[in-house]
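Reading through the C-alpha coordinates given below for one structure.
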Amino acid sequence: MAEAFKFELVSPERLLVSEEVQSVVIPGAEGEMTVLANHAPVMTTIKPGVVTVKTVTGADERYVVFGGFADILPSGCTLLAESAVPVASIDREDLARRIQDAREDAADAKDDETKTRAEAFLNQLTTLEAAL
Amino acid sequence: MASLKDLRNRIASVKATQKITKAMQMVAAAKLRRAQEAAEAARPYSQRMGAVLANIAQAVGGGGEAPALMTGTGKDDVHLLVVCTAERGLCGGFNSQIARFARDHARKLIASGKTVKIICVGKKGFDILRRDYASLIIERVDLREAKQVGFVHADAIAKKVIGLFNEGGFDVCTLFYSEFKSVISQVPTAQQIIPAAAVAEGEPESAGSAVYEYEPEPGEILSDLIPRNISVQVFRALLENAAGEMGAKMSAMDNATRNAGDMINKLTMSYNRQRQAQITKELIEIISGAEAL
(Lines give C-alpha, C1' and ligand atoms only; values in the text may rest on other atoms or scores of the structure.)
Protein backbone atom coordinates (compact mmCIF):
# COMPACT_ATOMS: atom_id res chain seq x y z
CA MET A 1 0.00 0.00 0.00
CA ALA A 2 1.18 3.48 -0.81
CA GLU A 3 2.38 5.63 2.01
CA ALA A 4 -0.26 7.91 3.50
CA PHE A 5 -0.01 11.65 3.89
CA LYS A 6 -2.14 14.43 5.23
CA PHE A 7 -4.55 16.09 2.83
CA GLU A 8 -6.76 19.07 3.55
CA LEU A 9 -9.40 20.55 1.32
CA VAL A 10 -10.54 23.93 2.56
CA SER A 11 -13.12 26.26 1.12
CA PRO A 12 -13.80 29.70 2.57
CA GLU A 13 -16.98 28.41 4.11
CA ARG A 14 -15.61 25.29 5.75
CA LEU A 15 -13.02 22.60 6.04
CA LEU A 16 -14.22 19.82 3.77
CA VAL A 17 -11.56 17.18 4.12
CA SER A 18 -8.79 16.74 6.61
CA GLU A 19 -7.49 13.21 6.64
CA GLU A 20 -4.75 10.78 5.75
CA VAL A 21 -4.86 9.81 2.10
CA GLN A 22 -2.87 7.73 -0.37
CA SER A 23 -3.01 10.04 -3.33
CA VAL A 24 -4.74 13.12 -4.65
CA VAL A 25 -5.28 14.16 -8.26
CA ILE A 26 -5.32 17.92 -8.62
CA PRO A 27 -6.45 19.88 -11.69
CA GLY A 28 -3.42 22.17 -11.76
CA ALA A 29 -3.29 25.28 -13.90
CA GLU A 30 -0.66 23.65 -16.08
CA GLY A 31 -2.16 20.20 -16.24
CA GLU A 32 -3.41 17.55 -13.90
CA MET A 33 -1.02 16.26 -11.30
CA THR A 34 -1.12 13.38 -8.90
CA VAL A 35 0.27 14.02 -5.46
CA LEU A 36 1.70 11.16 -3.46
CA ALA A 37 3.44 11.18 -0.12
CA ASN A 38 6.84 12.93 0.01
CA HIS A 39 6.10 15.06 -3.00
CA ALA A 40 8.54 17.90 -3.61
CA PRO A 41 7.24 21.25 -2.33
CA VAL A 42 5.11 22.81 -5.03
CA MET A 43 2.70 25.64 -5.03
CA THR A 44 0.26 25.83 -7.89
CA THR A 45 -2.95 27.45 -8.88
CA ILE A 46 -5.78 25.14 -9.81
CA LYS A 47 -8.41 25.50 -12.43
CA PRO A 48 -12.05 24.44 -12.16
CA GLY A 49 -12.14 20.67 -12.22
CA VAL A 50 -12.45 17.49 -10.25
CA VAL A 51 -10.19 16.56 -7.37
CA THR A 52 -9.93 12.84 -6.83
CA VAL A 53 -8.90 11.74 -3.38
CA LYS A 54 -7.85 8.16 -2.70
CA THR A 55 -8.25 7.54 0.99
CA VAL A 56 -6.19 5.09 3.04
CA THR A 57 -8.98 2.55 2.78
CA GLY A 58 -8.65 2.70 -0.99
CA ALA A 59 -11.98 4.40 -1.60
CA ASP A 60 -12.17 7.21 -4.15
CA GLU A 61 -13.75 10.49 -3.19
CA ARG A 62 -14.37 13.12 -5.83
CA TYR A 63 -14.87 16.83 -5.28
CA VAL A 64 -15.62 19.58 -7.74
CA VAL A 65 -13.55 22.70 -7.17
CA PHE A 66 -13.82 26.09 -8.81
CA GLY A 67 -10.35 27.50 -8.88
CA GLY A 68 -7.98 27.98 -6.02
CA PHE A 69 -4.51 26.98 -4.83
CA ALA A 70 -2.63 23.93 -3.81
CA ASP A 71 0.20 24.06 -1.36
CA ILE A 72 2.13 20.81 -1.51
CA LEU A 73 4.77 19.86 1.02
CA PRO A 74 6.48 16.52 1.59
CA SER A 75 4.47 16.23 4.78
CA GLY A 76 1.10 17.01 3.33
CA CYS A 77 -1.04 18.84 0.84
CA THR A 78 -3.40 21.72 1.42
CA LEU A 79 -5.90 22.71 -1.20
CA LEU A 80 -7.47 26.12 -0.87
CA ALA A 81 -10.48 26.07 -3.12
CA GLU A 82 -12.58 29.08 -3.90
CA SER A 83 -15.56 26.79 -3.71
CA ALA A 84 -15.70 23.02 -3.37
CA VAL A 85 -18.47 20.46 -3.31
CA PRO A 86 -18.55 16.66 -3.36
CA VAL A 87 -19.35 15.46 -6.87
CA ALA A 88 -22.45 13.68 -5.61
CA SER A 89 -24.05 16.88 -4.40
CA ILE A 90 -23.08 19.19 -7.24
CA ASP A 91 -25.85 21.51 -8.20
CA ARG A 92 -26.21 21.49 -11.96
CA GLU A 93 -28.19 24.69 -11.97
CA ASP A 94 -25.43 26.40 -10.05
CA LEU A 95 -22.91 25.17 -12.57
CA ALA A 96 -25.08 26.36 -15.43
CA ARG A 97 -25.32 29.73 -13.78
CA ARG A 98 -21.56 29.96 -13.41
CA ILE A 99 -21.16 29.11 -17.07
CA GLN A 100 -23.68 31.75 -17.96
CA ASP A 101 -21.78 34.30 -15.85
CA ALA A 102 -18.49 33.34 -17.44
CA ARG A 103 -20.04 33.69 -20.86
CA GLU A 104 -21.23 37.19 -20.03
CA ASP A 105 -17.82 38.06 -18.64
CA ALA A 106 -16.21 36.91 -21.86
CA ALA A 107 -18.66 38.95 -23.88
CA ASP A 108 -18.19 42.04 -21.72
CA ALA A 109 -14.40 41.93 -21.68
CA LYS A 110 -12.91 45.19 -22.81
CA ASP A 111 -9.32 44.38 -23.59
CA ASP A 112 -7.82 41.28 -25.09
CA GLU A 113 -6.15 40.04 -21.96
CA THR A 114 -9.29 39.89 -19.83
CA LYS A 115 -11.14 38.41 -22.76
CA THR A 116 -8.65 35.59 -23.16
CA ARG A 117 -8.75 34.91 -19.46
CA ALA A 118 -12.54 34.91 -19.32
CA GLU A 119 -12.70 32.62 -22.30
CA ALA A 120 -10.18 30.24 -20.79
CA PHE A 121 -12.26 30.14 -17.62
CA LEU A 122 -15.40 29.51 -19.63
CA ASN A 123 -13.67 26.68 -21.46
CA GLN A 124 -12.62 25.05 -18.22
CA LEU A 125 -16.15 25.27 -16.91
CA THR A 126 -17.69 23.72 -19.97
CA THR A 127 -15.12 20.93 -19.92
CA LEU A 128 -15.99 20.36 -16.32
CA GLU A 129 -19.68 20.21 -17.11
CA ALA A 130 -19.07 17.71 -19.84
CA ALA A 131 -16.94 15.58 -17.53
CA LEU A 132 -19.63 15.25 -14.91
CA MET B 1 -53.22 60.91 36.17
CA ALA B 2 -54.12 58.06 33.92
CA SER B 3 -57.38 56.33 34.55
CA LEU B 4 -57.58 52.73 35.65
CA LYS B 5 -58.55 51.61 32.19
CA ASP B 6 -55.59 53.43 30.66
CA LEU B 7 -53.27 51.78 33.09
CA ARG B 8 -54.71 48.38 32.36
CA ASN B 9 -54.16 48.95 28.64
CA ARG B 10 -50.60 50.15 29.23
CA ILE B 11 -49.78 47.03 31.22
CA ALA B 12 -51.23 44.81 28.54
CA SER B 13 -49.23 46.51 25.81
CA VAL B 14 -45.96 46.44 27.74
CA LYS B 15 -46.53 42.75 28.39
CA ALA B 16 -46.98 42.20 24.67
CA THR B 17 -43.78 44.11 23.96
CA GLN B 18 -41.95 42.04 26.53
CA LYS B 19 -43.06 38.87 24.81
CA ILE B 20 -41.75 40.17 21.51
CA THR B 21 -38.37 41.21 22.86
CA LYS B 22 -38.06 37.90 24.66
CA ALA B 23 -38.76 36.05 21.43
CA MET B 24 -36.28 38.23 19.55
CA GLN B 25 -33.64 37.51 22.13
CA MET B 26 -34.10 33.81 21.70
CA VAL B 27 -34.00 34.09 17.93
CA ALA B 28 -30.80 36.12 18.18
CA ALA B 29 -29.28 33.51 20.46
CA ALA B 30 -30.01 30.75 17.97
CA LYS B 31 -28.69 32.83 15.08
CA LEU B 32 -25.62 33.77 17.07
CA ARG B 33 -24.71 30.14 17.47
CA ARG B 34 -25.02 29.62 13.75
CA ALA B 35 -23.02 32.73 12.96
CA GLN B 36 -20.30 31.67 15.35
CA GLU B 37 -20.13 28.26 13.75
CA ALA B 38 -19.82 29.86 10.33
CA ALA B 39 -17.05 32.13 11.57
CA GLU B 40 -15.20 29.18 13.04
CA ALA B 41 -15.64 27.11 9.88
CA ALA B 42 -14.09 29.90 7.85
CA ARG B 43 -11.06 30.21 10.07
CA PRO B 44 -8.90 27.37 8.67
CA TYR B 45 -9.10 28.84 5.19
CA SER B 46 -7.95 32.30 6.17
CA GLN B 47 -5.22 30.87 8.39
CA ARG B 48 -3.81 28.71 5.62
CA MET B 49 -4.21 31.53 3.17
CA GLY B 50 -2.10 33.67 5.46
CA ALA B 51 0.59 31.01 5.65
CA VAL B 52 0.66 30.45 1.90
CA LEU B 53 0.74 34.16 1.26
CA ALA B 54 3.60 34.68 3.67
CA ASN B 55 5.54 31.88 2.01
CA ILE B 56 5.06 33.19 -1.46
CA ALA B 57 5.64 36.80 -0.54
CA GLN B 58 8.95 35.69 0.86
CA ALA B 59 9.80 33.95 -2.40
CA VAL B 60 8.90 36.94 -4.52
CA GLY B 61 10.51 39.34 -2.12
CA GLY B 62 9.89 43.04 -2.35
CA GLY B 63 10.97 42.99 -5.98
CA GLY B 64 9.18 44.63 -8.84
CA GLU B 65 7.36 41.38 -9.46
CA ALA B 66 4.92 42.01 -6.65
CA PRO B 67 1.53 43.17 -7.94
CA ALA B 68 0.27 46.68 -7.26
CA LEU B 69 -2.45 45.36 -4.96
CA MET B 70 0.29 44.41 -2.56
CA THR B 71 2.69 47.28 -2.90
CA GLY B 72 0.12 50.00 -3.41
CA THR B 73 0.26 52.83 -5.88
CA GLY B 74 2.98 54.58 -3.94
CA LYS B 75 0.59 57.42 -3.18
CA ASP B 76 -1.62 58.10 -0.22
CA ASP B 77 -4.13 60.61 -1.55
CA VAL B 78 -7.42 58.86 -2.09
CA HIS B 79 -8.77 56.62 0.63
CA LEU B 80 -11.56 54.14 0.18
CA LEU B 81 -13.43 53.15 3.31
CA VAL B 82 -15.49 49.98 3.17
CA VAL B 83 -17.87 50.20 6.08
CA CYS B 84 -19.59 46.95 7.00
CA THR B 85 -22.63 47.19 9.21
CA ALA B 86 -25.75 45.16 9.80
CA GLU B 87 -28.89 45.26 7.72
CA ARG B 88 -31.18 45.54 10.67
CA GLY B 89 -31.38 47.65 13.74
CA LEU B 90 -32.53 46.71 17.23
CA CYS B 91 -29.07 45.63 18.22
CA GLY B 92 -27.98 48.29 20.64
CA GLY B 93 -25.07 50.47 19.70
CA PHE B 94 -23.65 47.96 17.26
CA ASN B 95 -24.23 49.84 14.02
CA SER B 96 -23.65 53.31 15.36
CA GLN B 97 -20.40 52.17 16.94
CA ILE B 98 -18.98 51.06 13.61
CA ALA B 99 -20.37 54.09 11.81
CA ARG B 100 -18.97 56.48 14.38
CA PHE B 101 -15.59 54.82 14.19
CA ALA B 102 -15.59 55.11 10.40
CA ARG B 103 -16.79 58.70 10.58
CA ASP B 104 -14.01 59.72 12.92
CA HIS B 105 -11.53 58.08 10.61
CA ALA B 106 -13.01 59.87 7.60
CA ARG B 107 -12.95 63.18 9.41
CA LYS B 108 -9.29 62.77 10.25
CA LEU B 109 -8.45 61.91 6.66
CA ILE B 110 -10.38 64.85 5.30
CA ALA B 111 -8.75 67.18 7.80
CA SER B 112 -5.34 66.10 6.56
CA GLY B 113 -6.32 66.90 3.01
CA LYS B 114 -7.03 63.44 1.65
CA THR B 115 -9.91 62.49 -0.56
CA VAL B 116 -12.29 59.97 0.94
CA LYS B 117 -14.65 57.58 -0.79
CA ILE B 118 -17.00 55.32 1.05
CA ILE B 119 -18.60 52.01 0.20
CA CYS B 120 -21.37 51.01 2.57
CA VAL B 121 -22.11 47.38 3.15
CA GLY B 122 -25.36 47.02 5.00
CA LYS B 123 -28.26 49.38 5.21
CA LYS B 124 -27.73 50.76 8.69
CA GLY B 125 -24.28 52.14 8.12
CA PHE B 126 -25.53 53.80 4.97
CA ASP B 127 -28.37 55.44 6.87
CA ILE B 128 -26.00 56.86 9.44
CA LEU B 129 -23.18 57.95 7.16
CA ARG B 130 -25.58 59.45 4.66
CA ARG B 131 -26.25 62.29 7.05
CA ASP B 132 -22.71 63.62 6.97
CA TYR B 133 -21.03 62.16 3.96
CA ALA B 134 -23.76 61.55 1.40
CA SER B 135 -21.58 62.94 -1.37
CA LEU B 136 -18.69 60.62 -0.54
CA ILE B 137 -20.65 57.40 -0.67
CA ILE B 138 -19.94 55.89 -4.05
CA GLU B 139 -21.62 52.58 -3.62
CA ARG B 140 -23.84 50.69 -1.26
CA VAL B 141 -24.06 46.97 -1.06
CA ASP B 142 -27.29 45.45 0.05
CA LEU B 143 -27.17 42.07 1.71
CA ARG B 144 -30.72 42.07 2.94
CA GLU B 145 -31.70 39.29 0.59
CA ALA B 146 -28.95 37.04 1.88
CA LYS B 147 -30.12 34.76 4.64
CA GLN B 148 -26.60 33.94 5.60
CA VAL B 149 -23.52 35.70 4.29
CA GLY B 150 -21.73 33.46 1.86
CA PHE B 151 -18.36 33.73 0.23
CA VAL B 152 -20.04 34.85 -2.98
CA HIS B 153 -21.18 38.07 -1.32
CA ALA B 154 -17.73 38.83 -0.01
CA ASP B 155 -16.26 37.97 -3.37
CA ALA B 156 -18.59 40.36 -5.15
CA ILE B 157 -17.61 43.20 -2.81
CA ALA B 158 -13.92 42.41 -3.17
CA LYS B 159 -14.23 42.33 -6.97
CA LYS B 160 -15.82 45.75 -6.92
CA VAL B 161 -13.03 47.11 -4.75
CA ILE B 162 -10.33 45.58 -6.91
CA GLY B 163 -11.98 46.82 -10.07
CA LEU B 164 -12.02 50.31 -8.64
CA PHE B 165 -8.39 50.02 -7.64
CA ASN B 166 -7.37 48.92 -11.11
CA GLU B 167 -9.12 51.94 -12.57
CA GLY B 168 -7.06 54.08 -10.24
CA GLY B 169 -10.06 55.02 -8.14
CA PHE B 170 -8.15 55.05 -4.85
CA ASP B 171 -4.76 54.44 -3.26
CA VAL B 172 -5.54 52.94 0.11
CA CYS B 173 -8.48 50.79 1.09
CA THR B 174 -9.53 50.24 4.67
CA LEU B 175 -12.15 47.83 5.86
CA PHE B 176 -14.33 48.75 8.83
CA TYR B 177 -16.13 46.08 10.74
CA SER B 178 -16.82 44.97 14.24
CA GLU B 179 -14.60 42.33 15.69
CA PHE B 180 -16.50 39.75 17.66
CA LYS B 181 -14.82 39.45 21.04
CA SER B 182 -17.70 38.00 22.97
CA VAL B 183 -21.47 38.23 23.17
CA ILE B 184 -21.27 41.43 25.16
CA SER B 185 -18.25 42.99 23.53
CA GLN B 186 -17.79 43.88 19.89
CA VAL B 187 -14.89 46.10 19.01
CA PRO B 188 -15.01 48.33 15.92
CA THR B 189 -11.91 47.59 13.89
CA ALA B 190 -10.21 49.15 10.91
CA GLN B 191 -8.14 46.92 8.71
CA GLN B 192 -6.14 48.06 5.75
CA ILE B 193 -6.59 45.62 2.87
CA ILE B 194 -4.99 47.52 -0.01
CA PRO B 195 -2.04 47.73 -0.14
CA ALA B 196 -1.90 44.45 1.68
CA ALA B 197 0.00 45.62 4.70
CA ALA B 198 -0.54 42.52 6.73
CA VAL B 199 0.81 40.05 4.21
CA ALA B 200 3.54 38.95 6.55
CA GLU B 201 0.98 38.24 9.23
CA GLY B 202 1.12 34.46 8.94
CA GLU B 203 4.30 32.71 9.95
CA PRO B 204 6.00 31.22 6.93
CA GLU B 205 6.46 27.50 7.34
CA SER B 206 10.17 27.27 7.63
CA ALA B 207 10.17 23.68 6.40
CA GLY B 208 11.18 23.77 2.78
CA SER B 209 9.97 27.26 2.04
CA ALA B 210 13.21 27.93 0.24
CA VAL B 211 12.92 25.06 -2.19
CA TYR B 212 9.35 25.56 -3.32
CA GLU B 213 8.61 24.95 -6.94
CA TYR B 214 6.07 27.31 -8.40
CA GLU B 215 3.69 26.51 -11.13
CA PRO B 216 3.16 29.00 -12.77
CA GLU B 217 5.64 31.71 -11.72
CA PRO B 218 5.49 33.07 -8.15
CA GLY B 219 4.55 36.52 -9.38
CA GLU B 220 1.68 35.10 -11.35
CA ILE B 221 0.43 33.07 -8.43
CA LEU B 222 0.72 36.08 -6.21
CA SER B 223 -1.30 38.23 -8.55
CA ASP B 224 -4.00 35.58 -8.39
CA LEU B 225 -3.66 35.05 -4.68
CA ILE B 226 -3.85 38.64 -3.51
CA PRO B 227 -7.33 39.37 -4.89
CA ARG B 228 -8.45 36.13 -3.36
CA ASN B 229 -6.98 37.14 -0.07
CA ILE B 230 -8.94 40.36 -0.21
CA SER B 231 -12.13 38.38 -0.73
CA VAL B 232 -11.20 36.27 2.25
CA GLN B 233 -10.60 39.31 4.41
CA VAL B 234 -13.94 40.79 3.42
CA PHE B 235 -15.62 37.48 4.07
CA ARG B 236 -14.06 37.25 7.50
CA ALA B 237 -15.21 40.79 8.27
CA LEU B 238 -18.75 39.96 7.20
CA LEU B 239 -18.81 36.84 9.33
CA GLU B 240 -17.44 38.64 12.37
CA ASN B 241 -20.06 41.29 11.79
CA ALA B 242 -22.85 38.76 11.55
CA ALA B 243 -21.81 37.16 14.81
CA GLY B 244 -21.33 40.55 16.46
CA GLU B 245 -24.71 41.78 15.30
CA MET B 246 -26.44 38.79 16.80
CA GLY B 247 -24.49 39.11 20.02
CA ALA B 248 -25.37 42.79 20.29
CA LYS B 249 -28.97 42.07 19.46
CA MET B 250 -29.12 39.39 22.08
CA SER B 251 -27.90 41.64 24.86
CA ALA B 252 -30.01 44.56 23.64
CA MET B 253 -33.10 42.41 23.66
CA ASP B 254 -32.20 41.00 27.04
CA ASN B 255 -32.06 44.55 28.37
CA ALA B 256 -35.33 45.41 26.70
CA THR B 257 -37.02 42.40 28.25
CA ARG B 258 -35.74 43.36 31.66
CA ASN B 259 -36.82 46.98 31.23
CA ALA B 260 -40.26 45.86 30.19
CA GLY B 261 -40.42 43.73 33.34
CA ASP B 262 -39.50 46.74 35.50
CA MET B 263 -42.07 48.83 33.75
CA ILE B 264 -44.79 46.27 34.28
CA ASN B 265 -43.97 46.18 37.98
CA LYS B 266 -44.18 49.94 38.26
CA LEU B 267 -47.40 50.15 36.30
CA THR B 268 -49.00 47.36 38.30
CA MET B 269 -48.03 49.13 41.49
CA SER B 270 -49.65 52.41 40.47
CA TYR B 271 -52.65 50.52 39.10
CA ASN B 272 -53.20 48.82 42.45
CA ARG B 273 -52.68 52.04 44.32
CA GLN B 274 -55.18 53.86 42.23
CA ARG B 275 -57.70 51.07 42.52
CA GLN B 276 -57.32 51.12 46.28
CA ALA B 277 -57.72 54.90 46.32
CA GLN B 278 -60.89 54.62 44.35
CA ILE B 279 -62.33 51.98 46.66
CA THR B 280 -61.50 54.13 49.64
CA LYS B 281 -63.08 57.12 48.00
CA GLU B 282 -66.27 55.20 47.28
CA LEU B 283 -66.40 53.93 50.85
CA ILE B 284 -66.03 57.45 52.21
CA GLU B 285 -68.82 58.59 49.96
CA ILE B 286 -71.11 55.82 51.17
CA ILE B 287 -70.22 56.33 54.84
CA SER B 288 -70.56 60.06 54.77
CA GLY B 289 -73.84 59.65 52.90
CA ALA B 290 -75.10 57.31 55.64
CA GLU B 291 -73.95 59.65 58.39
CA ALA B 292 -75.77 62.56 56.83
CA LEU B 293 -79.09 60.77 57.21
Side-chain angles (χ1 to χ4, degrees), chain A residues 6-18 26-33 35 38-48 65-85 91 94 97-98 101 105 108-111 113-114 117-118 120-121, chain B residues 37-56 58-60 148-156 158-159 163 166-167 202 204-218 220-225 227-229 231-236 238-239:
Chain A
K6 179 97 177 151
F7 172 70
E8 287 185 334
L9 176 58
V10 211
S11 82
E13 267 120 6
R14 64 204 187 95
L15 183 69
L16 275 104
V17 185
S18 174
I26 293 172
E30 322 223 306
E32 290 215 332
M33 59 195 282
V35 181
N38 300 320
H39 196 287
V42 174
M43 197 174 288
T44 178
T45 51
I46 53 177
K47 58 184 189 189
V65 294
F66 294 97
F69 282 87
D71 177 16
I72 301 158
L73 287 168
S75 55
C77 169
T78 309
L79 212 154
L80 300 173
E82 190 156 287
S83 143
V85 261
D91 183 352
D94 181 51
R97 201 169 55 241
R98 281 172 196 264
D101 282 351
D105 279 354
D108 291 347
K110 286 180 196 79
D111 52 275
E113 197 195 338
T114 39
R117 199 173 306 157
F121 187 63
Chain B
E37 273 165 16
E40 260 155 44
R43 214 161 283 159
Y45 190 83
S46 62
Q47 272 170 0
R48 291 197 174 88
M49 185 67 117
V52 169
L53 210 54
N55 258 335
I56 203 160
Q58 205 178 34
V60 175
Q148 194 169 12
V149 279
F151 187 65
V152 277
H153 304 115
D155 205 34
K159 286 226 170 79
N166 288 339
E167 288 164 15
E205 296 156 40
S206 51
S209 62
V211 288
Y212 256 112
E213 264 175 52
Y214 293 97
E215 196 182 310
E217 290 305 301
E220 223 170 293
I221 297 189
L222 200 56
S223 61
D224 194 28
L225 192 66
R228 223 165 277 212
N229 186 46
S231 306
V232 171
Q233 300 293 356
V234 175
F235 185 51
R236 201 176 66 96
L238 290 183
L239 285 177

The interface call for A/Thr45 against chain B, heavy-atom contacts under 4.5 Å, is both
When the 4.5 angstrom heavy-atom criterion is applied to A/Ala70 and chain B, the contacting part is neither
Cut-off 4.5 Å, heavy atoms of chain B, and the answer for A/Ser75 is neither
Applying a strict 4.5 Å limit to non-hydrogen atoms, the region of A/Glu82 in contact with chain B is both
A side-chain contact here means heavy atoms from C-beta on lying under 4.5 Å apart; do A/Val10 and B/Gln47 qualify? no
Applying a strict 4.5 Å limit to non-hydrogen atoms, the region of B/Leu225 in contact with chain A is both
Bottom line for B/Phe151: the part with an atom under 4.5 Å from chain A's heavy atoms is both
